[in-house]
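The next block holds one structure in the form of C-alpha cells; read it before the comments.
Sequence lines set the chain letters: A, B, ... in the order given, protein chains first and strands last, and positions in each chain run from 1.
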Protein chains: 2
Amino acid sequence: MSRVATELKTALGEAGHRLTGPRLAVWDVVASSRSHLTAEEIAESVRDRDPTVNLSSVYRSLSLFAELGLVRESNLGANEASHWELAHSDESFHLRCTSCGKVEHHTGDLVTQVEHHLSHHHGFHASRVELLVHGTCAECAATS
Amino acid sequence: MSRVATELKTALGEAGHRLTGPRLAVWDVVASSRSHLTAEEIAESVRDRDPTVNLSSVYRSLSLFAELGLVRESNLGANEASHWELAHSDESFHLRCTSCGKVEHHTGDLVTQVEHHLSHHHGFHASRVELLVHGTCAECAATS
DNA sequence: ACTGCAGTTGCGAATGCCTCGCAATAAGAC
DNA sequence: GTCTTATTGCGAGGCATTCGCAACTGCAGT
Ligand SMILES: [Mn+2]
Ligand SMILES: [Mn+2]
Ligand SMILES: [Zn+2]
Ligand SMILES: [Zn+2]
C-alpha cells in the first residue's frame, strides 16, 4: 500500500470509516493536484484510473473528507459548482482574477486579526473564515 | 409616485430600463427589509402585493438591480440559494452564527487594508471582496 | 483463510435553484 | 392615442448535488 493510501486509511480508520477504491482514487486526485477542482473534474481524473467509479461516490468521498478536515470546499462564485482542494487554513485566502480565471492563494495574518477582534470586542467566536477577493491579477493588469 | 418608486425609476431610466410593476414590487421588498432574503422569500412578499408576479421576474429584477449596483448578492453557504439585500460596501462583511443562523454585519477597515496590500505588494487589483465569518454569536455563546 | 454483516457503492430518479424560449403584454417616446 | 420594443408569465430546461435502494465488499472476528 502506497504512502498516501496508508495515510488515508489511518485517517478514515480513526473515524470508523473504510478505505475503499473510490475513496483512494478521489484522494489521489485531490492530493496530487495544486488547483481548485470541481467534483466533475475530479470524477474525470478518477475515471482514468477506474472507469467504474460513479459521480455520486466522488461527491460522497469529498463530503466525508471535508468532515474529517482532509479537504476544503470553496464557493468561488454565485451559482457555480463548489471547488475542492487539500485542506488549508483560513489564513490562506483566495484571489480570483476576473480576467483569466486563475485562483491564487495569499497568506497573511489579517484573518487571524479579524477573528481576535470579533472575539474580544464583539463576543463572536469564529469557526471558519472565508475570504474571497475578486479582481485583476498582476499578469492580466500588465497585458491589458 | 412614491419616493422609492421615483428613485428606482431614475436609476433604471439612466441605464435605459423601464419602471415596471414587478420591478417596483421587488424593489419595495428588498429596500424595506434589513435582512438577507432569498429570491423565493422575496417572491413571497411580492405576491402579497401582486400575486401575478412570477418568480422568473423576481430573479430578472434582482439580477438587473445587481448590475446597476442597487442590490448585493451573497453566497452564505455552499449549495444554498443566494441571499439578496440593498447594496452595501465590501467593508461591511458578514458574520453568520452556525447556531441560530442569524447574519450580522461588521464594518472595519480590514477589507480596505487587504485591498491596499494586494495592490501595492502583489499587483492584484481588487474589484470586490467577500468576507464571510462563520461562528457562534454572543447570544448563542451565552446561552450554551 | 472463511464468514458475517454493517458500511459503501452504482445506478437512476429526484431535488433545488436558477435560466431560457417564446408568445402575449405594457411602458414610455413621439 | 399609436407604435415600438422592452418586459413579462409561463412552461420547459439545465446544472449541481442528493437520495433510495439493491448489490457489493472491507474488514473484524473466528
Ligand atoms: Mn485554496
Ligand atoms: Mn449584508
Ligand atoms: Zn489574470
Ligand atoms: Zn447565534
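Between the side chains of A:Glu91 and A:Thr112, at least one donor-acceptor pair of N or O atoms lies under 3.5 Å.
Residues A:Arg23 and A:Leu64 form a side-chain contact, since some pair of their non-hydrogen atoms from C-beta on lies under 4.5 Å apart.
For A:His117 and A:His122, the ring centers sit closer than 6.0 Å to each other.
Here the C1' atom of nucleotide C:dC17 and the CD atom of A:Glu80 are 15 Å apart, to the nearest Å. Counting to the nearest Å, the P atom of C:dC18 and the CG atom of B:Leu64 are 17 Å from each other. If you take CG of B:Leu62 and P of C:dC17, they are 15 Å apart, rounded to a whole angstrom.
Of all the residues in residues 35-59 of chain B, B:Ser56, B:Tyr59 reach under 4.0 Å from DNA chain C with at least one non-hydrogen atom. A heavy atom closer than 4.0 Å to some atom of DNA chain C occurs in no member of residues 66-77 of chain A.
At least one donor-acceptor pair under 3.5 Å links the side chain of A:Thr98 to the backbone N or O of A:Gly135. Checking side-chain atoms of B:Arg128 against main-chain N and O of A:His134 turns up no donor-acceptor pair under 3.5 Å. Put simply, the side chain of A:Thr143 gets close to the backbone of A:Glu139: a donor and an acceptor are under 3.5 Å apart. Listed for the B:Ser32 side chain is a donor-acceptor partner under 3.5 Å among the backbone atoms of B:Asp28. Counting only distance, with no hydrogens or angles, the side chain of B:Ser33 and the backbone of B:Ser35 share a donor-acceptor pair below 3.5 Å.
Put simply, CD on A:Glu85 and OG on A:Ser92 are 8.0 Å apart, with the number rounded to the nearest 0.5 Å. Rounded to the nearest 0.5 angstrom, A:Ile42 CD1 and A:His83 NE2 are separated by 10.0 Å.
For the pair A:Asn79 and D:dA16, the criterion of a side-chain N or O lying under 4.0 Å from OP1 or OP2 is not met. Here A:Ser82 does not reach the OP1 or OP2 of D:dA16: none of its side-chain N or O atoms lies under 4.0 Å away.
Annotation: the terminal axes of the helix from C:dA1-D:dT30 to C:dC30-D:dG1 meet at 50°, where each axis is the rotation carrying the C1' atoms of four end pairs onto the next four (5 pairs per end, rounded to 10°).
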For nucleotides 28-30 of chain C, tabulate all protein N/O to nucleotide N/O atom pairs closer than 3.5 Å, reporting atom names and distance.
| from | atom 1 | to | atom 2 | distance (Å) |
| --- | --- | --- | --- | --- |
| C:dG28 | OP1 | B:Leu19 | N | 2.7 |

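Under the side chain to side chain donor-acceptor pair (under 3.5 Å) criterion, no residue pair touches residues 9-22 of chain A, with sequence neighbours excluded. Every pair passing ring pair (Phe, Tyr, Trp, His ring centres under 6.0 Å) that includes a residue from residues 25-47 of chain A is listed here, sequence neighbours excluded: A:Trp27-A:Phe65, A:His36-A:His94, A:His36-A:His105.
Taking only distance into account, the side chain of A:Arg60 never meets the base of C:dG7 through a donor-acceptor pair shorter than 3.5 Å.
Checked for salt-bridge contact, A:Glu67 and A:Arg60 miss the test: no charged N lies under 4.0 Å from a carboxylate O.
Backbone-only engagement by A:Arg23 is indicated by non-hydrogen atom pairs under 4.0 Å involving sugar-phosphate atoms exclusively.
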